[in-house]
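Here's the structure we're looking at; comments come further down.
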Protein chains: 2
Amino acid sequence: MLKLSTKGQYGVRAMFEIARGYPENPVTIKEISERQDVSVAYLEQILNKLRRAGLIKSVKGPGGGYLLAAEPDKISIAVILKELEGPVAITSCLDPEEGCARVEGCVTHLLWRSLGAKIEAFLETITLNNLIEQEHLLKGDRRDKIYRFDVA
Amino acid sequence: MLKLSTKGQYGVRAMFEIARGYPENPVTIKEISERQDVSVAYLEQILNKLRRAGLIKSVKGPGGGYLLAAEPDKISIAVILKELEGPVAITSCLDPEEGCARVEGCVTHLLWRSLGAKIEAFLETITLNNLIEQEHLLKGDRRDKIYRFDVA
DNA sequence: ATAATACTTTACTAATTTTGTCAAGTATTG
DNA sequence: CAATACTTGACAAAATTAGTAAAGTATTAT
């Protein structure tokens, strides 16, 4: 339950690859495709959304590619997922687009709202920079710090 | 994003209705159907799963219906949802049934795992009894305690 | 100039999941 | 023994997901 679509998953992984090139090295779709094993055509869709949302910039021509539009510690996982999948909305009646007929006096409504808020709050605390840091820990020998996200 | 299916939503609402009858009053499918506006046939599917999981008991014959199999404060939302929708698995590679080829050195994997753990932990703290309490607060005048789930 | 590289956009579709309905029972008891 | 209630399994329409495909436009190294 509570699955994330591949669009969201791939989007985060793509942003992670682009973040590695920050601030000078444009990363091409092809590179992302190869490293993350996602088709170029599908990535185009995803990166397009992220570019229009202002999270990344693109550089055309040979040697071009994608660049982060802000510093890696300013871009949260929450922002990326919101652009690709819309707001956290455990139930459809919590989606701002839809609305709910039974809001008043509905106990489960409160429950789902609280859960959604908790999820958002968590995802807002994690940034691309945290992912990069975490990878360094994984590849390095600082095994003592390894499950950092559990602490946050 | 991160939607819950209607099966999970209706299941929690049905359990809430059954909890109101605890410990003596069997609640019929028809009553649940009317109060929660879900078809009888669909509820049958849902309640069947919950009964087989041992969360509720059924009493046949006139005056029969469904009863909670345990005390309302012993049944968490997490348990109900797990029976109806399987474990929390933000990505399919985190589903115990599937597995993941890239676990080692995969940073996002850690992220999704942490998120899933947080969600489960939260849902385990909320019981049917909490829902009933919360409803009393909503209907009563203790407006000061109203958003209880946010605190938990 | 122009070929190579790279991004952009829109349309389409196969597969999967969700959200149920339907039919034909079985079990219990007043 | 009829009324009430639960039980089971098959089936299917609708929505969503997860992509592919095609036909571009833009930039720049040489």
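For clarity, every value in this text was computed on a predicted model and none was experimentally measured. Order of the sequence lines sets the chain letters (A, B, ...), proteins ahead of strands, with each chain counted from 1.
Residue Lys30(A) is classed as having no contact, given no heavy-atom separation below 4.0 Å to the nucleic acid. Ile29(A) comes within 4.0 angstrom of the backbone, heavy atoms only, and of no base.
Comparing Leu4(A) and Glu44(A) along DNA chain D, the residue whose closest nucleotide (by nearest heavy atom) sits nearer the 5' end is Leu4(A). Along DNA chain C, the nucleotide nearest Val59(A) and the nucleotide nearest Gln45(A) are compared for position; the residue whose nucleotide lies closer to the 5' end is Val59(A).
Within the structure, a side-chain polar atom (N or O) of Arg51(B) is placed less than 4.0 Å from OP1 or OP2 of dT7(D). Contact annotation: Ser39(A) side-chain N/O to dT20(D) OP1/OP2 distance is under 4.0 Å. Phosphate proximity of dT19(C) to Thr6(B): present, with a side-chain N or O under 4.0 Å from OP1 or OP2. Proximity of Tyr42(A) to the phosphate of dA21(D): no side-chain N or O atom is located under 4.0 Å from OP1 or OP2. Within the structure, every side-chain polar atom (N or O) of Asn48(B) is placed at least 4.0 Å from both OP1 and OP2 of dC6(D). Phosphate proximity of dT7(D) to Ser58(B): present, with a side-chain N or O under 4.0 Å from OP1 or OP2. OP1 or OP2 of dT7(D) sits under 4.0 Å from a side-chain N or O of Tyr66(B).
The shortest non-hydrogen separation linking Ile75(B) to Ala70(B) is CD1-O, 4.0 Å.
Regarding Leu47(B), its CG atom lies at a distance of 12 Å from the C1' atom of dT7(D), rounded to whole Å. Lys57(A) places its NZ atom 17 Å from the C1' atom of dA6(C), with the value rounded to the nearest Å. Regarding Ile18(A), its CD1 atom lies at a distance of 12 Å from the C1' atom of dC7(C), rounded to whole Å. Distance, Arg13(B) CZ to dT19(C) C1': 14 Å, rounded to whole Å. The distance from atom CG of Asp37(B) to atom P of dT19(C) is 15 Å, rounded to the nearest whole Å. In this structure, Leu67(B) atom CG and dA5(D) atom P are separated by 14 Å, rounded to whole Å. The nearest whole Å value for the distance from the CG atom in Leu2(A) to the P atom in dT17(D) is 14 Å. The CG-P distance, from Leu43(A) to dT20(D), rounds to 10 Å in whole Å.
Under the 4.5 Å side-chain heavy-atom criterion for Ile, Leu, Val, Met, Phe, Trp and Tyr, Phe122(A) and Ile77(A) are members of the same hydrophobic cluster.
Between Arg35(A) and Glu17(A), at least one side-chain nitrogen of the basic residue sits less than 4.0 Å from a carboxylate oxygen of the acidic one, meeting the salt-bridge criterion.
Relative to the side chain of Ser5(A), the nucleotides dA18(D), dC6(D), dT19(C) differ in distance, and dA18(D) lies closest.
Judged purely by atom type and a 3.5 angstrom limit, Gln9(A) uses its side chain to pair as donor or acceptor with the backbone of Leu4(A). Remark: side-chain polar atoms of Thr108(A) are not paired, donor with acceptor, to backbone N or O of Leu111(A) under 3.5 angstrom.
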